[in-house]
Amino acid sequence: MTRVSSQLKAASLLASACVFFFSCGHGNQSAVEPTGLQAEHLSFLWWIFLAITAAVYVVVMVILVAAFFRTQRAAAGDEADLSPDPSREKRASSVVKAAVAVTVLTMFALMLVSFRTGRALDTLSQAQTPLEIKVTGQQWWWQIEYKDPTPSNMVTTANEIHIPIGRPIKLELVSHDVIHSFWAPNFHGKKDLIPNYPTTLFFRADEPGVYWGQCAEFCGFEHAKMRFMVVAEPQEDFERWYAASQQPAPEPVTDSQKFGRDIFLKSVCTQCHTIQGTPANGRVGPNLTHVGGKPYIASGSLPNDRENLAKWITDPQAIKPGIRMPMNTYSPEELNALVDYIQSLK
Amino acid sequence: MKNTDLSKKQSNTLTEARINEELRALESTWSDKPGIIGWLSTTDHKRVGFRMVFTAFCFFTFGGILAGLMRLQLSLPGNNFLGPDMYNQIFTTHGSTMMFLFAVPVMEGMGIYFVPLMIGTRTLAFPRLNILGYYTYLFGGLLLFFGLLLNIGPDAGWFAYVPLSGPEYGIGKRVDLWSQMVSLTEISALIASTNIIVTVMKLRAPGMSLNRIPLFVWSEVITAVMVIFAMPAVMIASSLLSMDRLTNVSTHFFNQAEGGDPIMWQHLFWFFGHPEVYIIFIPATGMVSMIITTFSRRKTFGYTALVLTMVATAFIGFGVWVHHMFVTPLPQLGQSIFTASSMLIVVPNGVQIFCWLATLWLGRWNLKTPLIFILGFFGVFVMGGLTGVMLASLPLDTQLHDTYFVVAHFHYVLIGGAVFPLFGAVYYWFPKFCGRLLNEAAGIAHCILFFIGFELVFFPMHILGLIGMPRRVYTYLPETGWGDLNMLASIGAAVMVVATLIFFINAVYSWFWGKVAAANPWGADTLEWSLPSPIPQYAFQYQPVVQGRHALWEQTADSPVVTGLHINNREVVSTSIHDAVPDHRYGVQGPSIMPFVVSVITGAMFIGFMFTPWSLPLGMIALFFGFLGWFWSNSVEHRPPYAPLEDNPVYDDPADYKPVEAAV
Amino acid sequence: MTNEDFIGRKTLDVSELPSTMFDDQANLWWGNNWGLAIETTVFGILVALYFSVRMSISQWLPPRTTPGLPVLQNPLPDLTFPTIVLVIFLISLGPAIYLDLSARRKDIFGIKVGLVLTLAFNIVLLVCRYYEFDTLHFKWNDNAYGSVTWTILGMHMIHLFVMAAEDFYIILWAFIKGVDDKHRLDITVAAVYWYWIVATWVLLYLLVFWGPKIL
Amino acid sequence: MSDERRDLELEKPESELLLWAGFLLPPLAWSISLETLYLFSDYGCTYESFLPNHIVSVAFLVLSLIGLAVAWSNWQKSGATWPDDSSGSIPRSRFMSALGLLTGALFSILIFAQWLPTLLGVPCGK
Ligand code: HEA
Ligand code: HEA
Ligand code: CUA
Ligand SMILES: [Cu+2]
């Protein structure tokens with residue numbers, strides 16, 4: 001199947017090259033650079049549709065331009081032709097009839113290839129032992145829970161999904177507030193998360209790498225900043241990450257880190273955040289046990305460095321207006337210590 | 001007198017004296033009263049139609065300005081020109097304004113203005129209802145306009161999905177404001193549609209049988225029938241949502257905790273949503289058929305096929321709505337039925353395109369601005385339709401849904417499919433509005449600039465959709481790589497603003513100082529071109545008898561005209577549905593202020609419903625008195641010719657019947 | 001077309017044609033029917049909503065637990081009172097048909113009697129409807145089932161108000177100014193409206209009062 | 001002017017009821033088949049039985065073809081030529097029956113196309 005698709009892709013690329021003189025984009029959040037089985041099917045379907053529709057468009061435009069040059073010009077006052085030459089009319093109506101027949105056949109062909117792709121996408125759901133991950137979309141960030149037989153060592157994180165390549169993944173999608181839509185274009189099409197309608201999405205990563213996805217159904221103020229990262233890595237790297245994530249938060253080493261932890265445990269953060277291995281067990285906000293090691297915070301909208309952490313903790317509303325995390329006022333030393341502590345949570 | 005044989009009744013008694021005397025009576029009977037009250041109480045379908053088109057273009061400008069603001073915000077990654085709250089209000093108001101306050105009313109306004117003239121009659125069937133329709137639309141539009149200005153504009157998108165628009169997450173009165181605007185505009189659409197359907201069924205000039213109705217009139221009546229079955233869905237859905245949201249009503253239609261279902265909102269909205277977009281598109285196809293026929297200087301190729309395509313699109317349009325819900329967790333088998341119907345709706349659209357191309361291929365082109373806009377229509381709409389075909393495939397739509405690919409699709413089909421033909425029709429009918437022609441050079445500049453600006457804005461959006469940019473995002477990160485394409489789109493929007501400004505300046509200038517136009521400057525075939533321009537309020541001095549599908553082209557020198565209508569009150573000949581055989585003289589009411597009064601009450605009732613459910617009973621009591629006044633003024637104005645019970649006197653001497661001034 | 005174009009032109013004289021026609025030749029009749037098509041779509045959607053609630057509600061029928069009232073486990077709507085009201089609806093067809101026929105026969109006395117009778121029936125039915133809401137055992141804000149049943153009854157009630165208003169307008173004119181052709185047409189068209197109101201109520205009655213039992 | 005001569009032979013046009021039936025039956029059959037097919041698919045997916053889908057599709061396909069047949073007979077009886085815009089009720093009934101032919105063909109194809117997902121076993125997958 002990949003051999004046919006690559007030939008077809010080349011052919012249609014040629015035919016539609018003029019259409020895509022601008023195709024840039026970095027490809028790590030793109031539907032036309034698939035890195036998984038499902039997105040491969042969909043990309044193949046995309047190139048077929050593009051080839052056929054581009055051909056139709058070219059044909060229609062050629063006829064229009066030809067008509068522009070071939071027809072004579074007339075003035076408003078010229079006599080309108082009410083009984084045109086019957087032979088030209090006959091020829092024209094047979095051409096139109098043929099075109100309609102071609103349209104009907106093309107539509108049936110496009111229907112069949114769509115239904116076939118629909119069936120192909122469904123094969124993965126028969127996978128015996130998929131890696132099950134529960135994804136909860138809530139106003140404006142993603143909670144990720146790896147299902148594990150023994151609940152105590154379940155891994156809970158936010159806005160970041162690590163998956164082993166080659167293994168089917170079963171996502172259970174749940175929402176408790178408004179409608180969100182989970183979409184990682186490099187792997188699969190999107191699926192809506194609607195309250196009261198838990199649903200599933202099966203996909204598989206075939207190439208390692210860091211890819212991005214975003215909520216696609218309008219869900220309020222910060223719909224634009226509800227991003228998540230998908231890290232596809234070989235099995236061993238995944239297992240190493242998974243084992244590390246199961247550990248509770250590392251003990252603070254430096255005095256500043258210890259001072260930071262005391263501030264954290266005394267302040268309002270504990271009502272909304274959980275850090276395993278400390279009394280903080282709030283569930284309103286993301287799990288911060290290993291937040292230090294994440295490249296981005298605030299659901300992928302802020303690179304995770306000292307300066308951003310400080311800005312985020314003091315005034316999250318400036319970065320993501322409308323979210324539930326309040327502003328916090330600390331003296332510079334306290335803030336410094338708190339940031340040290342948060343960064344130590346690898 | 002079921003089947004009066006036309007020829008038997010003909011006699012030539014029209015003398016110079018009788019013509020002049022009847023002309024004077026017509027002018028006084030059909031004229032509006034002067035002053036503000038007269039302006040408010042007009043029942044002249046031409047004035048109401050023009051008001052609707054003019055108001056719709058004002059909302060187009062308002063929507064366009066909002067689009068410009070969005071493009072400014074999206075031109076740079078991480079831009080803070082607009083915050084999320086303001087951006088959400090602006091994109092929702094842009095979408096709602098364009099769909100509810102511009103696209104549908106402008107097509108209806110053109111229908112209200114030209115349908116009666118094209119079928120050879122002087123008025124719509126229910127003229128007072130017509131002006132009521134305009135005012136309810138105006139109040140709905142002003143509600144949304146001032147809502148945004150007061151920073152309480154709707155912010156849940158133009159289809160306001162529950163639960164985001166529900167009581168729990170939709171803050172303040174914003175979504176209520178949207179749903180009252182929807183109710184008011186849909187009332188006006190339903191009124192205009194009932195009017196157009198009955199007018200085309202019963203008031204066609206004698207001889208205009210079903211196979212001779214102009215294609216634009218077919219498009220308007222088919223659209224009107226779609227409105228009858230589509231608009232109620234959104235009126236109910238938005239009213240139920242308001243009842244869910246009103247604290248002291250708080251019903252549970254869409255509250256999943258109490259047995260409601262959020263997906264039911266999507267079904268109700270899109271059952272209206274897709275027919276709505278064809279309600280915008282089908283009148284535009286009527287305009288395209290009309291302009292292509294006139295400017296190819298030949299009869300339309302495939303008239304019967306074109307009528308079929310409009311009817312088929314209208315029917316299938318009601319059977320595709322789930323293609324907007326392909327990624328919801330419903331069983332794929334059920335949804336795939338809608339891939340099948342969404343794919344096959346292409347067949348009628350394709351037949352249309354082929355018949356138009358054949359007419360153009362076989363004709364001789366009078367290459368003027370209206371035809372140039374139709375060439376723009378082909379270039380843009382066909383690509384938009386083809387992206388629609390891509391979206392119709394369920395698996396492919398899972399990648400494309402809710403991305404900028406869809407934004408590109410619907411701007412291609414809306415601006416390509418409706419705005420380009422609309423501009424063409426404005427250049428075409430401008431002499432009928434004001435007796436002068438729009439400037440050709442400015443028109444061509446407008447079309448070319450608008451086309452270039454359009455492609456710059458919306459073509460890159462296809463690519464943005466494919467590289468992962470979702471809809472309705474107020475900003476994006478630089479790392480996404482979407483920055484330069486968005487900048488290109490924003491530059492294109494500026495070009496479109498310039499093009500539209502050229503059009504506005506051309507329109508204002510030509511209205512007063514444009515080249516004076518003859519009655520039929522384009523040598524067109526439909527009846528409105530037999531009238532002087534600008535058109536007198538009584539329109540036809542004597543209603544024509546139609547002798548062919550292309551009325552003016554096929555009119556014989558001695559074609560008869562209708563006489564014997566009373567000239568002391570507003571009367572037109574009413575004809576049978578199938579073959580337009582005259583069956584009775586139909587009198588319509590004159591101007592009255594009551595429709596305006598009733599519309600003020602209706603507007604107040606719906607706006608009041610945003611705050612308290614008691615506005616409904618109070619409104620109904622006020623409406624009772626409003627309609628009582630309306631009924632009374634109707635009955636009083638009913639002139640003596642109808643009063644005597646025994647029978648109807650044969651019309652003989654106009655002196656007998658003095659016009660009785662309506663009290664109200 | 002200036003004046004000269006009309007001199008000596010062949011003319012089609014329509015002066016002998018009547019000025020008022022009835023039924024499918026009357027424009028008002030068609031306007032009224034397309035209006036009823038809109039209202040039929042409205043009720044069609046509300047019926048679809050009823051079935052949607054039937055499919056999505058957790059328990060059919062949920063127990064009634066409004067405070068201050070005894071808890072009802074399976075609160076099926078009462079049948080006696082609504083059935084009586086249905087019968088009144090059917091009886092009201094008598095005076096409505098009589099009014100319709102007298103309007104066509106130009107029988108002024110018959111018209112006046114018919115108008116008063118139909119208005120009387122209309123008002124009686126409005127009062128009955130007011131009490132019919134209690135037979136549902138739910139308030140409109142208890143749950144989705146309560147909401148949809150109240151809305152169906154409420155929408156139909158609005159039609160009863162509109163019909164009563166129309167009757168009242170024509171009575172006012174008939175008794176003060178007398179009846180002419182235009183108003184005879186109004187009466188026949190209003191009669192069609194009433195037949196439609198009764199017909200829709202028969203269907204809605206079956207759905208709202210027998211639905212919970214059958215579905 | 002063969003049309004005029006033929007019109008003289010046909011005393012009166014096809015009855016309006018038959019003309020409208022030939023024109024509206026196929027779209028009505030299609031719209032009912034769409035709704036029932038959509039509901040039965042939900043039922044079919046939960047109880048794994050798709051027989052109702054097949055029965056509904058076949059039944060309404062036949063109904064639509066009956067509409068097409070009615071339109072065909074109307075067309076034959078009103079002169080079996082492509083309609084033009086000449087005056088009188090015969091050309092108008094030819095116009096309406098020709099519309100009936102086209103809608104009958106299109107909606108029969110549509111009902112068949114909507115049957116395909118069940119025939120080709122498109123998965124239920126929620
Ligand atoms: C004027 C308005 C208009 C028109 C005419 C159309 C026409 C079509 N539309 Fe579109 N559409 C919208 C307005 C319109 N649409 C809007 C506003 C939305 C988004 C709403 C929202 O989400 O906010 C939308 C969204 C939308 C979706 C949902 C996308 C998503 O949200 O996931 C889909 C999916 O099927 C779709 C399909 C189609 C199809 C198949 C057609 C067909 O009718 C097109 C047929 C035309 C052609 C195909 C071109 C001419 C044909 C030929 C030249 C013949 C030969 C062709 C072939 C053989 C292919 N449209
Ligand atoms: C008929 C319908 C229609 C029309 C004509 C347009 C016209 C335009 N639209 Fe829009 N659009 C929609 C219907 C339409 N749109 C809908 C339904 C949505 C979805 C909303 C939602 O998601 O809920 C949408 C959404 C939408 C978005 C996506 C927003 C988002 O998802 O975040 C964007 C983004 O660029 C956009 C841009 C534009 C632009 C640049 C134009 C341009 O064509 C504008 C051209 C008009 C002008 C340029 C006129 C301005 C003239 C002046 C300013 C002259 C000055 C004179 C005076 C001041 C007197 N539109
Ligand atoms: Cu969550 Cu958009
Ligand atoms: Cu659609």
Side-chain angles (χ1 to χ4, degrees), chain A residues 22-23 25-26 29-32 42 45-46 49 53 56-57 60 63-64 67 71-78 80-82 84 88 92 96 99-100 103-104 107 110-111 114-115 117-118 121 178-179 181 185 189-192 194-197 199 214 216-221 223-224 321-322, chain B residues 83-85 157 161 163-164 169 256 262 297-299 301 327-329 332 336 339-340 343-344 346-347 350-351 354-355 357-358 360-367 378 382-383 386 389-390 393-396 398-399 401-402 460 463 466-468 470 472-475 480-481 521-523 525 553:
Chain A
F22 250 104
S23 87
H26 299 279
Q29 192 176 345
S30 157
V32 278
L42 293 173
L45 192 63
W46 156 257
F49 268 82
T53 46
V56 167
Y57 186 72
V60 169
I63 295 172
L64 197 65
T71 49
Q72 297 147 4
R73 292 297 169 265
D78 294 357
D81 179 1
L82 285 172
R88 279 186 84 200
V96 165
V100 172
T103 307
V104 174
M107 287 296 104
L110 293 177
M111 249 185 269
S114 299
F115 297 148
T117 310
L121 290 173
V178 292
I179 300 176
S181 192
K190 57 187 68 64
K191 201 72 180 277
D192 277 3
I194 300 183
N196 242 3
Y197 281 85
T199 182
Q214 196 161 342
E217 179 58 64
F218 182 60
C219 55
F221 287 126
H223 161 64
Chain B
D85 181 36
Y161 274 178
L164 180 63
Y169 297 95
Q256 67 274 10
R297 308 308 304 144
R298 57 153 285 148
K299 73 186 186 88
F301 179 93
V327 288
T328 50
Q332 201 188 62
S336 298
T339 289
M343 289 273 186
L344 278 172
V346 165
V347 172
V351 169
F354 301 143
C355 287
L357 286 178
L360 287 170
W361 184 271
L362 299 168
R364 292 169 293 132
W365 291 13
N366 174 10
L367 199 53
F378 277 105
V382 170
M383 184 181 288
L386 294 172
V389 168
M390 295 172 176
S393 154
L394 189 143
L396 196 48
T398 57
Q399 286 283 29
H401 173 68
D402 261 342
I463 306 164
L466 285 167
I467 57 175
R472 300 165 160 189
V473 289
Y474 77 97
T475 187
T480 53
W522 316 110
D525 61 329
W553 290 347

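Every heavy atom of this structure was used, including side-chain atoms; hydrogens, water molecules and symmetry mates were not. Order of the sequence lines fixes the chain letters, A, B, ..., with proteins taken first and strands second; residue numbering starts at 1 for each chain. This structure is a prediction, so every number in the text was calculated from the model and none was measured.
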- Query: Side chain, backbone, both or neither: which part of B:F378 has a heavy atom under 4.5 Å from chain A?
  - Reply: both
- Distance in Å, B:M390 CE paired with A:T53 OG1, rounded so as to fall on 0.5 Å steps: 3.0 Å
- Note on the structure: Of all heavy-atom pairs linking A:I63 and B:W361, the shortest is O-CZ3, 3.9 Å
- Given B:W522, B:F301, B:Y161, the one with more heavy-atom pairs under 4.5 angstrom with chain A than any other is B:F301
- Note on the structure: Smallest heavy-atom separation, B:R297 atom then A:A76 atom, equals NH2-O, 3.0 Å
- Item | Which portion of B:A340 sits near chain A, non-hydrogen atoms under 4.5 angstrom | both
- Task: Let me know if B:P460 has heavy atoms under 4.5 Å from chain A in its side chain, its backbone, both or neither.
- Result: neither
- Item | Side chain, backbone, both or neither of A:I194 within contact of chain B (heavy atoms, under 4.5 Å) | side chain
- Message: How close do A:A67 and B:W365 get, counting heavy atoms only, and between which atoms?
- Response: CB-CZ2, 3.8 Å
- Would a 4.5 Å heavy-atom cut-off, applied to side chains only, mark A:P84 and B:L362 as touching? no
- Backbone of A:T71 reached by a side-chain donor or acceptor of B:R364 within 3.5 Å: no
- Message: I need the minimum non-hydrogen distance between A:A216 and B:P470, along with the two atoms involved.
- Response: CA-CB, 4.1 Å
- Item | Pairs of heavy atoms under 4.5 Å with chain B: top-ranked of A:P321, A:A99, A:C219 | A:A99
- Among B:S336, B:G363, B:G350, B:C355, residue most engaged with chain A (heavy-atom pairs, under 4.5 Å): B:S336
- Message: Just so I understand: if I count every heavy-atom pair under 4.5 Å between each of B:G468, B:G523, B:P262 and chain A, which residue has the most?
- Response: B:G468
- A:Q214 versus chain B, the contacting section by heavy-atom distance below 4.5 Å: side chain
- Message: Could you measure the distance from the OG1 atom of B:T398 to the CG atom of A:D192? Nearest 0.5 Å is fine.
- Response: 11.0 Å
- Query: Any side-chain heavy atom of B:D85 within less than 4.5 Å of one from A:F221?
  - Reply: yes
- Which atom of A:S114 lies closest to which atom of B:S393, heavy atoms considered: OG-OG, 3.0 Å
- Message: Taking side chain as everything from C-beta outward and backbone as N, CA, C, O, which of these in B:Y169 sits under 4.5 Å from a heavy atom of chain A? Side chain, backbone, both or neither.
- Response: side chain
- Message: For A:F115, which atoms come within 4.5 Å of any heavy atom of chain B: side chain, backbone, both, or neither?
- Response: side chain
- Compare all side-chain heavy atoms of A:S181 with those of B:D402 and state whether any distance is below 4.5 angstrom. no
- Query: Do A:W46 and B:Q399 come within less than 4.5 Å of each other through their side chains, counting heavy atoms only?
  - Reply: no
- So do A:L64 and B:L360 actually touch side chain to side chain, heavy atoms under 4.5 Å? yes
- How about A:H223 and B:V473: do any of their side-chain heavy atoms sit closer than 4.5 Å? yes
- Measure B:L357 against the heavy atoms of chain A and call it side chain, backbone, both or neither at under 4.5 Å. side chain
- Note on the structure: Counting heavy-atom pairs under 4.5 Å with chain B, the top scorer among A:D78, A:V60, A:T117 is A:D78
- Message: Report which part of A:L82 has an atom under 4.5 Å of a heavy atom belonging to chain B: side chain, backbone, both, or neither.
- Response: both
- Query: Taking the side chain as C-beta and beyond, is there a heavy-atom pair between B:P163 and A:I179 under 4.5 Å?
  - Reply: yes
- Interchain contact, A:A75 with chain B, by part (heavy-atom threshold 4.5 Å): backbone
- Kindly say whether B:H401 contributes a backbone atom to a donor-acceptor pair with the side chain of A:K190 at under 3.5 angstrom? yes
- Note on the structure: Given B:V351, B:T339, B:V389, the one with more heavy-atom pairs under 4.5 angstrom with chain A than any other is B:V389
- Item | From CA spacing to verdict: side chain to side chain contact (heavy atoms under 4.5 Å, CB included), B:L344, A:M111 | CA-CA 9 Å; B:L344 278 172; A:M111 249 185 269; 3.9 Å; yes
